[in-house]
Peer 1: 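Let me begin by handing over the structure; questions about it come next.
When reading the values below, keep in mind they use all heavy atoms of this one structure, side chains included, and skip hydrogens, waters and symmetry mates.
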Amino acid sequence: MLSNVMKDWLGVCFVTALGLAILIFIPILFDLFEVLQMTKYVVLALFALSLAYIWGFGGILSFGQAGFFGLGGYTFAVSAINMGQTTIPFIMAIGLCALFAAALGYFMFYGRLNDVYMGVVTLVVTLILWKFINHTAGPEYIIGKARLGGFNGMPSIPIMTLPWKPDVELEPGQLFQYFMAILIVVYLFLHVLIKSKFGRVAISIRENEVRTGLLGYDVRLYKLGIFTIGGAIGGAAGAMWATYQTFIDPHAFSLEVSAKCLIWVMAGGVGTLFGPIVGVVALEYISLKLGETAFLNNLVILGTILVFLVLLLPKGIFPTARDLVAKLWHRSKQSNEEKSA
C-alpha cells in the first residue's frame, strides 16, 4: 500500500506532467485567440496561487491581494518602459512586492493584529493604492519616460523577452509557454516549501497558533515569511498581466480583482495548490461563455453559479472530486476483494 507521502508526490508528478503537456501542445493545437485566452488563465492562476498559499497553508486571509498584483504590474510597466527590456523589470516587480509585503506584514504581525483586522488592513491598503493611482493623470506624474496616466492607464508596455534574448519579443505561443513554465516552477516550489520544516510549522500555525508558539517557534516571523512569499508571487503575476495586455490601469488594484482571487481559491479548494488553478480556469471559462450571450446578464448567472457551488461543494471543486475518486476506488477495491474471496 502506498503511503500518503508517496501518493502526494505522485499527484504532484501527475500535475507537473499535465502542465508540461499543456505547455508543449497548446500552441500547436489551438488558434491564436484560444492561446491568448489560455495565457490569461495561466497568469490569473499564478495570482490565485499567491493567495492559495498564504490563506490555505498559512491561515492568513488577505482581502487585498490585488495590492500586490497592481503594484507588480505598475512596477514592471514603469521600469520596462524606461529600460527598454523586461528581465530586470520582472525581477524588480517581484522584489518590490516582496519588500512591500514584508513591510506591511511586519506592522500587522508584530503589531499583534487579529485575523479580522489583518483582513481589513490589507483591504484598506489596496484601496489607498487604487485611489492614488486613479489620481495620477496629470503631467507631473511621470517617472523617467513612463507616465502613470491615472484612470487612463499605461499603454505600450513592452512584451516579455527571454533573459538570453533581450531584443526579441516573444510571440503569443512562446509567451504562453514561458508563463506556463513559470507557473509550473512556482507550483513545484510551493509544494516543496510546504513539505519542508518551514511549511510544516506554517501549517501548525494555521491549525493552532498558540500551541505552535508554546513549542518555541516565532509565530510572527513565520507568518511574515509566508506573507512575503505570497506578495512576491502576486507581484510576479501582476508583471505578467501587464506585459500580456501591454497595458495596465488602476483596475488592477480594484476590489473586484481581490474578490475574484478569493472566489477562485474558495471555489477550487482552500488548502490545495491545484484546486485554485482549476477554479480559475473553470470560472473564467464560464464567464467567457456567458459573455457571448447578449440576452442574459452574465454577472447574475455567474453569481448564481458561485452561490450553488459554495453550497453544494463547500470543500471546493478539486477536493470534492479527489474525495469522490478515492471513494469510488475504495469501493471498487472492496468489491474485487469480496469477489476473490
Side-chain angles (χ1 to χ4, degrees), residues 12-27 30 35-54 65-66 68-77 79-80 85-98 101 157-166 168-194 228-246 248 252 257 261 264-265 268 272-281 284:
V12 172
C13 291
F14 172 77
V15 172
T16 304
L18 178 63
L20 291 173
I22 291 172
L23 182 151
I24 294 170
F25 292 110
I26 288 297
F30 292 88
V35 170
L36 290 173
Q37 270 308 119
M38 292 178 192
T39 305
K40 174 185 175 181
Y41 298 160
V42 170
V43 175
L44 296 179
L46 185 66
F47 179 42
L49 275 184
S50 70
L51 180 61
Y53 175 64
I54 66 172
Q65 200 67 7
F68 305 116
F69 187 73
L71 184 61
Y74 269 90
T75 301
F76 177 86
S79 52
Q85 55 109 345
T86 61
T87 301
I88 295 177
F90 188 45
I91 296 171
M92 288 175 62
I94 297 171
L96 182 62
C97 288
I157 299 173
I159 297 173
M160 190 73 76
T161 62
L162 296 173
W164 53 91
K165 289 184 179 180
V168 181
E169 294 182 344
L170 295 176
E171 298 292 331
Q174 295 172 325
L175 190 67
F176 169 81
Q177 291 179 321
Y178 187 43
F179 286 177
M180 190 69 198
I182 293 174
L183 178 62
I184 293 171
V185 169
V186 171
Y187 170 80
L188 290 173
F189 165 74
L190 289 179
H191 189 82
V192 171
L193 186 64
I194 290 165
T228 301
I229 293 170
I233 297 172
M240 291 159 62
W241 183 252
T243 190
Y244 161 72
Q245 293 194 122
T246 65
I248 190 77
V257 174
C261 193
W264 294 329
V265 176
T272 69
L273 293 178
F274 185 61
I277 298 174
V278 174
V280 168
V281 175
E284 284 299 304

Peer 1: Let me confirm one number: the CZ-CG distance from F25 to L20, rounded to the nearest 0.5 Å.
Peer 2: 10.5 Å
Peer 1: What is the minimum heavy-atom distance between W264 and A48, and which atoms define it?
Peer 2: CE3-CB, 4.2 Å
Peer 1: What pair of heavy atoms forms the shortest contact from F274 to L18, and how long is it?
Peer 2: CZ-CD2, 4.5 Å
Peer 1: Passes side chain to side chain contact (heavy atoms under 4.5 Å, CB included), F68 versus I233? Steps please.
Peer 2: CA-CA 8 Å; F68 305 116; I233 297 172; over 6 Å; no
Peer 1: With under 30° as parallel and over 60° as perpendicular, where do the rings of F69 and W241 fit, or are they tilted in between?
Peer 2: tilted
Peer 1: Quick check: do I229 and L190 have side-chain heavy atoms less than 4.5 Å from each other?
Peer 2: yes
Peer 1: Tell me, do L273 and L49 make a side-chain contact under 4.5 Å, heavy atoms counted?
Peer 2: yes
Peer 1: Which atom pair, heavy atoms only, marks the closest approach of V35 to P172?
Peer 2: CG1-O, 3.9 Å
Peer 1: Which residue, V185, I184, V186, forms the side-chain contact (heavy atoms from CB on, under 4.5 Å) with L188?
Peer 2: I184
Peer 1: Would you call F76 and I248 a side-chain contact if the rule is heavy atoms closer than 4.5 Å?
Peer 2: no
Peer 1: Compare every heavy atom of F176 with every heavy atom of L23, then report the nearest pair and how far apart it is.
Peer 2: CA-CE2, 4.1 Å
Peer 1: Working to the nearest 0.5 angstrom, can you tell me the gap between Q245 CD and L36 CG?
Peer 2: 11.5 Å
Peer 1: Do Y53 side-chain atoms and I194 backbone N/O form a donor-acceptor pair below 3.5 Å?
Peer 2: no
Peer 1: As a quick check of understanding, evaluate side chain to side chain contact (heavy atoms under 4.5 Å, CB included) for M160 and F179, giving each step before the final call.
Peer 2: CA-CA 10 Å; M160 190 73 76; F179 286 177; 4.1 Å; yes
Peer 1: I'd like to know if the side chain of T243 and the backbone of P158 have a donor-acceptor N/O pair within less than 3.5 Å.
Peer 2: yes
Peer 1: Which atom names give the shortest non-hydrogen contact between L170 and T161, and what distance separates them?
Peer 2: CG-CA, 4.2 Å
Peer 1: Specify the closest pair of heavy atoms between S50 and Q65, including all atoms of both residues, with the distance to one decimal.
Peer 2: OG-NE2, 3.1 Å
Peer 1: What's the verdict on side chain to side chain contact (heavy atoms under 4.5 Å, CB included) for I94 and F90, showing C-alpha distance, side-chain angles and the deciding distance?
Peer 2: CA-CA 6 Å; I94 297 171; F90 188 45; 4.1 Å; yes
